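Working notes for the structure below.
Treat the numbers as computed from the prediction; the structure is a model and nothing was measured.
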Amino acid sequence: MSDSSPELAPSNFIRNIIDADIESGKHENVVTRFPPEPNGYLHIGHAKSICLNFGIADDYANAICHLRFDDTNPGKEKSEYIEAIKEDVRWLGFEWNDNLHHTSDYFDQLYVYAVQLIKNDKAYVDSLSAEDIRLYRGNLTEPGKNSPFRDRSVEENIDLLERMKNGEFAEGEHLLRAKIDMAAPNINMRDPAIYRIKHMSHPMTGDKWHIYPMYDFAHCVSDAIEGITHSLCTLEFEDHRPLYDWFLDELNTSAHPQQIEFSRLNLDYTVMSKRKLHELVEGGYVNGWNDPRLPTISGMRRRGYTANAIRDFCSRIGVTKKDNIIEMSVLENSLREDLNENATRALAVLDPIKLIIDNYPDDKEEILAGVNHPKKPEEGTRDIPFSKELYIERSDYMEGASKKFFRLTEGREVRLRFAYYVTCTHVVKDENGEVTEVHCTYDPETKGGKSEDGRKVKGTIHWVSAKHAVTAEVRQYDRLFTVPDPASNKEQDFKSLLNPSSVQVLTNCQMEPSMLQSGTEVRQFERQGYFCQDSVDSTVDALVFNRVVTLRDSWSKK
RNA sequence: UGGGGCGUGGCCAAGCGGUUAAGGCACGGGGUUUUGAUCUCCGCAUCCCAGGUUCGAGUCCUGGCGCCCCAGCCA
């Protein structure tokens with residue numbers, strides 16, 4: 001292993017297999033691959049696979065990981081997705097260097113291999129309808145039966161395949177199938193399809209082909225051509241492994257990669273299948289693939305997640321073959337750990353109410369120093385203006401509050417962060433009984449938020465000078481679904497389980513002036529959470545912030 | 001009811017026959033704190049069930065039970 005990496009990912013059963021293969025001399029150089037189909041955007045589940053595959057390449061000496069687009073179905077794939085996927089992989093911090101491939105790079109070779117199968121009497125052109133093929137396949141408990149076209153001559157098969165390739169037939173008219181065993185208990189082995197006719201233009205090969213190879217045939221061959229040593233995929237392909245091995249054995253390829261399956265990542269209160277994500281995006285239930293509520297890489301990036309947090313998360317959840325649903329708190333913990341360490345602080349009032357300091361001079365203004373990071377003095381301080389009228393959080397005042405409430409209530413003294421101690425005297429209400437102003441007096445001897453007499457002030461609240469405040473919009477996100485596993489009930493439409501308040505927009509947030517100069521980085525709004533400007537909607541004239549994640553809150557739980 | 005997998009605390013996950021069953025998240029409690037944040041300390045399982053092998057089993061055997069995946073010319 002390389003010693004350049006200070007923190008290697010924790011080991012797992014796949015790394016154990018690789019270790020053993022190196023130990024035994026089976027392989028000297030490990031080659032993995034991340035093989036997305038460009039038919040949608042990457043999500044956090046893909047990040048698990050990316051971290052696994054590229055992580056191995058990073059940690060083992062002379063190991064590499066290929067990025068290969070599995071583009072065998074032009075009906076579903078688009079160049080837009082290819083570009084988005086590349087961007088996401090790079091953003092996560094991985095580099096494929098010269099190892100960028102497409103399954104379509106191998107279409108010529110694949111065709112040669114298909115002809116070889118025919119010559120070896122291991123493949124044939126079937127002319128049954130799709131419906132008949134399904135009927136002939138049998139079912140889980142009953143064997144299938146042979147197609148009447150199964151025994152065509154090698155010459156006829158080659159001729160038919162050639163003509164399929166040349167576009168002489170309509171889609172569905174013919175199908176090249178492997179000749180294996182229609183009675184196999186593993187349904188994947190009942191003469192699976194190899195090539196189907198599709199009169200479609202392909203993002204990479206244009207109009208050259210009228211037939212396109214199926215996954216089972218193309219994937220193992222592509223792996224072999226690229227010299228992949230360990231082909232890592234998810235559990236649902238376990239049943240396909242015999243077929244993966246069958247093709248490579250029949251074709252006698254120079255390399256025979258080992259397919260190893262691991263379980264996909266599931267996160268609670270969200271969905272991870274591409275089909276469902278497509279449904280949410282295309283149905284307008286969310287605003288595009290990069291909607292900050294989505295578990296897509298682009299959505300999380302826009303929301304303010306960091307690549308570090310996602311990689312840390314992936315290393316924490318492990319790699320096994322067990323079905324799992326990871327709690328969102330694990331992801332949030334990885335995020336908070338990164339942000340707490342790296343985000344500078346700021347004061348911002350999300351739901352403002354006026355706080356008026358009656359004994360503070362009307363026109364006086366002061367500049368106070370706010371610590372940028374409590375654990376990093378080297379981050380310095382920033383200027384925060386202070387004056388008679390401030391905004392504080394509406395929830396920081398409560399009428400008739402108990403002594404357990406550390407914030408404002410009549411007669412109680414609290415500290416205004418970095419500023420002064422103030423004591424609440426009274427409030428003003430409107431005709432509806434809503435509090436419109438909180439009044440207080442301050443102690444001039446407590447500037448900076450400390451007192452000489454050592455008096456105890458339990459509560460500290462954040463504030464913003466009203467006349468200096470910057471108004472902004474803040475979007476607060478909550479879980480996308482109301483239940484932990486929205487996909488569990490197959491009869492129920494998962495979309496009916498969407499959380500109607502997955503986003504709450506606050507338009508009158510008041511922030512300290514330094515937020516005007518705050519770029520795109522994530523900042524912590526003290527006592528609230530982490531926020532970053534929305535990369536799509538925020539402008540200098542109309543600031544828009546996304547709440548990345550709240551701070552841990554042990555008070556509201558009580 | 002065919003085939004393939006999986007089953008260690010609320011959620012993940014180490015453990016590869018032999019110290020009191022790692023660790024993280026969550027949860028409960030104490031301390032520190034100009035963020036009820038951070039930090040810190042403490043607590044928190046006998047391993048799906050039942051037999052068996054063994055001086056000794058979460059780890060081996062047998063039999064159950066439970067859950068997941070497969071009948072696309074999708075990947």
- Query: Hey, is B/G72 sitting syn or anti, using the within-90° cutoff around 0?
  - Reply: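 It is syn.
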
Taking only the [atom1] atom of each, what is the distance from [N] to [M] in whole angstrom?
N: B/A26; M: B/C12; atom1: C1'; answer: 11 Å
N: B/C11; M: B/C73; atom1: C1'; answer: 41 Å
N: B/C25; M: B/C39; atom1: P; answer: 9 Å
N: B/C27; M: B/G64; atom1: C1'; answer: 34 Å

- Taking the side chain of A/Thr460 as heavy atoms from C-beta outward, which of B/U35, B/U33, B/U1 is closest to it?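 Selected nucleotide: B/U35.
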
- Message: Counting only side-chain heavy atoms from C-beta out, which of B/A26, B/A75, B/U33 sits nearest to A/Lys458?
- Response: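 Selected nucleotide (nearest to the side chain): B/U33.
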
Could you tell me whether the phosphate oxygens of [N], OP1 or OP2, come under 4.0 Å of any side-chain nitrogen or oxygen in [X]?
X: A/Arg527; N: B/G36; result: yes
X: A/Lys322; N: B/U8; result: yes
X: A/Arg190; N: B/G3; result: no
X: A/Lys198; N: B/C74; result: yes
X: A/Thr320; N: B/A13; result: yes

- Query: Does anything in residues 264-276 of chain A reach RNA chain B, meaning a heavy atom under 4.0 Å, and if so which residues?
  - Reply: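 Correct list: empty, so none.
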
- Message: Tell me if the side-chain of A/Glu327 makes a donor-acceptor pair with the base of B/G10, cut-off 3.5 Å, by modelled atom types.
- Response: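 Donor-acceptor pair under 3.5 Å: yes.
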
- Task: Answer with yes or no whether A/Gln528 presents, from its side chain, a donor or acceptor under 3.5 Å of a partner atom in the base of B/U35.
- Result: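 No, no donor-acceptor pair under 3.5 Å.
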
- Item | Over all atoms of both residues, closest heavy-atom pair of A/Ala114 and A/Phe217 |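 The pair with the smallest heavy-atom distance is N-CZ, 3.9 Å.
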
- Which base sits across from B/G2 as a Watson-Crick or G-U pair, both distances under 3.5 Å?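 For B/G2, the partner nucleotide comes out as B/C70, under the 3.5 Å rule.
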
- Message: Return the pairing partner of B/A75 with a 3.5 Å limit on both distances, Watson-Crick or G-U wobble; otherwise return none.
- Response: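 No nucleotide pairs with B/A75.
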
Nucleotide N/O of nucleotides 67-69 of chain B paired with protein N/O under 3.5 Å:
{"unit_1": "B/C68", "atom_1": "O4'", "unit_2": "A/Asp323", "atom_2": "OD2", "d": "3.3"}
{"unit_1": "B/C68", "atom_1": "O2'", "unit_2": "A/Asp323", "atom_2": "OD2", "d": "3.4"}

- Message: Determine whether the aromatic ring of A/Trp555 stacks with the base of B/G36, defined as ring centroids separated by less than 5.5 Å and ring planes inclined by less than 30°.
- Response: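 Yes; by the centre-distance and plane-angle rule, A/Trp555 counts as stacking on B/G36.
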
- Spacing of A/Ile187 atom CD1 relative to B/C74 atom C1', expressed in whole Å: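 In whole Å, B/C74 C1' and A/Ile187 CD1 are 16 Å from each other.
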
